[in-house]
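Report on the following structure.
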2 protein chains.
Amino acid sequence: MPRGGARLGAGRPKGQGKYREPTKPIRIPESLLGGVMEFISTEGYNLPLYSCAVQAGFPSPADDHIEGKLDLNKYLIKHPTATFFVRAAGDSMVNAGIHSGDILVVDRSLEAKHGKIVIAAVDGQLTVKRLHKSKKDTYLMPENDNFEPIKFEENSEVVIWGVVTNVLHQV
Amino acid sequence: MPRGGARLGAGRPKGQGKYREPTKPIRIPESLLGGVMEFISTEGYNLPLYSCAVQAGFPSPADDHIEGKLDLNKYLIKHPTATFFVRAAGDSMVNAGIHSGDILVVDRSLEAKHGKIVIAAVDGQLTVKRLHKSKKDTYLMPENDNFEPIKFEENSEVVIWGVVTNVLHQV
DNA sequence: ACTTTTGAATATTGTACGATATTCTAATTA
DNA sequence: TAATTAGAATATCGTACAATATTCAAAAGT
């Protein structure tokens with residue numbers, strides 16, 4: 001004998017799947033499969049960002065500190081095709097907060113303006129310096145008194161690779 | 001009349017597709033579709049890492065500086081489910097390379113050992129300090145002479161949230 | 001002999017579909 | 001009347017499949 005029957009609200013409810021939301025099948029290159037799986041399982045590496053800043057009003061519980069969610073790749077990399085990293089060596093830029101071993105995020109698509117910290121190839125060697133432009137000359141300035149400025153000649157072997165946007169320091 | 005015919009090597013060659021390699025269809029939650037697309041188009045945000053370090057032998061062209069490829073999320077986040085970020089405020093840790101406005105990567109799964117920089121909630125307020133453990137006492141030490149150490153009592157309102165692994169500084 | 005045309009062969013790709021999982025309610029049972 | 005059960009309804013998921021794209025070389029044309 002029949003049981004159940006036509007009625008409103010029968011059937012499996014939406015959002016009961018593995019991801020609690022609808023999905024779409026798309027094709028993934030095999031080499032990126034693992035990465036995509038991880039990307040999904042971490043929800044796109046969107047991790048919470050809290051704030052140390054003093055809150056208005058009375059001292060508040062933990063949740064009130066939350067500022068939002070952050071994906072480091074999206075936060076640090078504005079132009080994926082124009083970005084690369086450089087591992088800093090030496091202490092010529094400690095005053096700018098760049099220590100030996102730090103990873104520098106470099107954007108090749110940004111204009112190398114006066115005052116920006118840039119990566120330059122000098123004599124086939126990569127160096128990180130602050131760009132100092134005046135009406136007459138352009139210099140690559142270290143931020144450490146033990147090092148000498150490098151004069152930037154138009155037809156010299158000095159090539160600016162890109163502008164440093166962030167420093168990743170290991171504590 | 002028939003043309004062509006059975007023969008070796010006929011047909012579309014492998015690796016001619018959009019991704020130059022075989023693909024597999026998998027289901028993606030709709031909310032992550034955009035992120036996954038971006039992830040694929042940037043090949044998993046794997047960007048080149050160059051080295052400033054002095055190379056052995058004669059000055060070398062650009063390619064010789066390459067150290068490999070780097071995905072920031074993988075590099076900075078070892079335990080995705082236990083990691084969160086904190087935006088630093090104030091100057092109490094400048095000597096440790098932490099400036100106001102920096103993003104701190106915090107791993108909740110690491111043990112807060114002596115000497116580690118930690119995020120702690122003190123009076124409902126998040127602060128970043130260096131953990132100083134001696135036989136008798138535990139202190140939260142600022143790395144700036146203008147600030148006072150905070151004594152860590154077992155039953156106090158001080159709770160350690162996690163260990164700072166990296167500092168992301170904007171130049 | 002060289003060029004062009006044409007169908008065969010095979011990789012690629014988006015999506016339709018069968019199988020499964022889950023939940024609801026009416027019918028049945030205690 | 002309350003607890004249980006079976007069938008209906010519908011979302012979900014992996015993958016098979018049809019349609020497409022691309023290349024190759026034999027046949028036809030010049």
Side-chain angles (χ1 to χ4, degrees), chain A residues 1-49 63 66 68-84 108-109, chain B residues 1-49 63 66 68-84 108-109:
Chain A
M1 270 130 239
R3 319 229 179 162
R7 85 216 81 111
L8 221 61
R12 183 178 185 171
K14 277 190 182 181
Q16 293 304 116
K18 206 193 306 186
Y19 302 120
R20 327 293 290 170
E21 63 171 308
T23 60
K24 261 185 87 69
I26 67 171
R27 284 188 172 272
I28 307 287
E30 280 181 2
S31 68
L32 294 177
L33 253 183
V36 169
M37 295 296 202
E38 208 161 13
F39 186 88
I40 292 175
S41 70
T42 59
E43 290 172 83
Y45 281 101
N46 261 291
L47 302 180
L49 168 63
D63 288 345
I66 196 154
K69 297 268 195 164
L70 203 61
D71 174 357
L72 289 184
N73 278 333
K74 289 214 188 88
Y75 173 71
L76 294 169
I77 301 173
K78 299 294 190 287
H79 306 109
T81 56
T83 297
F84 59 94
R108 192 200 303 276
S109 69
Chain B
M1 270 128 237
R3 320 228 178 164
R7 86 218 78 111
L8 221 61
R12 182 178 187 171
K14 276 190 182 180
Q16 293 303 116
K18 204 191 310 184
Y19 302 118
R20 316 240 124 219
E21 64 172 307
T23 61
K24 259 186 87 69
I26 66 169
R27 286 187 170 272
I28 307 287
E30 280 182 1
S31 69
L32 294 177
L33 252 182
V36 169
M37 295 297 201
E38 209 162 10
F39 185 89
I40 292 174
S41 69
T42 59
E43 289 173 84
Y45 281 100
N46 262 292
L47 302 180
L49 167 64
D63 287 345
I66 196 154
K69 298 266 193 167
L70 203 61
D71 174 357
L72 289 184
N73 278 334
K74 289 213 189 89
Y75 173 72
L76 293 169
I77 302 173
K78 299 293 190 286
H79 306 107
T81 55
T83 297
F84 60 94
R108 194 200 301 277
S109 70

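The sequence lines fix the lettering, A, B, ..., with proteins before strands; numbering per chain opens at 1. In what follows, every heavy atom counts, from backbone to side chain, and hydrogens, waters and symmetry copies are set aside.
Proximity of residues 11-18 of chain B to DNA chain C (heavy atom under 4.0 angstrom from any strand atom) is restricted to B/Gly11, B/Arg12, B/Pro13, B/Lys14, B/Gly15, B/Gln16, B/Gly17, B/Lys18. Less than 4.0 Å separates DNA chain D from no heavy atom of any residue of residues 31-38 of chain B.
In this structure, the CD1 atom of B/Ile26 is 13 Å from the P atom of C/dG14, given to the nearest Å. Residue A/Glu21 contributes atom CD, which lies 10 Å from atom P of D/dT12 at whole-angstrom precision. Rounded to a whole Å, the NZ atom of B/Lys24 is 16 Å from the C1' atom of C/dT15. Between the CD atom of A/Glu30 and the P atom of D/dT15 there is a distance of 13 Å, rounded to whole Å. Taking atom CD1 of residue A/Ile40 and atom P of nucleotide D/dG14, one finds them 10 Å apart after rounding to whole Å. Between the CD1 atom of B/Ile28 and the P atom of C/dT15 there is a distance of 15 Å, rounded to whole Å.
Judged as a side chain to side chain contact (heavy atoms under 4.5 Å, CB included), and not counting sequence neighbours, the contacts of B/Leu47 are A/Ile77, A/Thr83, A/Phe85.
The CZ atom of B/Arg108 lies 5.0 Å from the CZ atom of B/Phe84; values are rounded to the nearest 0.5 Å. The structure places CG of A/Leu32 at 6.5 Å from CD1 of B/Ile40, a figure rounded to the nearest 0.5 Å. Atom-to-atom distance recorded for A/Leu49:CG and A/Asp71:CG is 12.5 Å, nearest 0.5 angstrom. One distance of note links NZ of A/Lys78 with CG of A/Asn73; it measures 11.0 Å at 0.5 Å rounding. Note: A/Ile26 CD1 to B/Thr23 OG1 = 10.5 Å, rounded to the nearest 0.5 Å. For the atom pair CD1 of B/Ile28 and CE of A/Met37, the computed distance is 8.0 Å after rounding to the nearest 0.5 Å.
For B/Arg27 and A/Arg27, each mapped to the nucleotide of DNA chain C holding its nearest heavy atom, the one lying further toward the 5' end belongs to A/Arg27. Take the nearest nucleotide of DNA chain D for A/Pro22 and for B/Pro25: the residue whose nucleotide is more 5' is A/Pro22.
For residues 37-47 of chain A, no pair satisfies side chain to side chain donor-acceptor pair (under 3.5 Å), with sequence neighbours left out.
For the pair A/His79 and A/Ser109, the tightest heavy-atom approach, listed with the atom from each and the gap, is ND1-OG, 3.0 Å. Taking every heavy atom of both residues into account, B/Ile66 and B/Pro48 meet most closely at CD1-CB, 3.8 Å.
The C1' atoms of five pairs define one axis at each end of the helix from C/dA1-D/dT30 to C/dA30-D/dT1, and these two axes lie 30° apart (to 10°).
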Distance-only check: which donor-acceptor pairs under 3.5 Å involve side-chain atoms of residues 11-21 of chain B, not counting sequence neighbours?
residue : atom : partner : partner atom : Å
B/Glu21 : OE1  : A/Ser31 : N            : 3.2
B/Glu21 : OE1  : A/Ser31 : OG           : 3.4
B/Glu21 : OE2  : A/Ser31 : OG           : 2.8

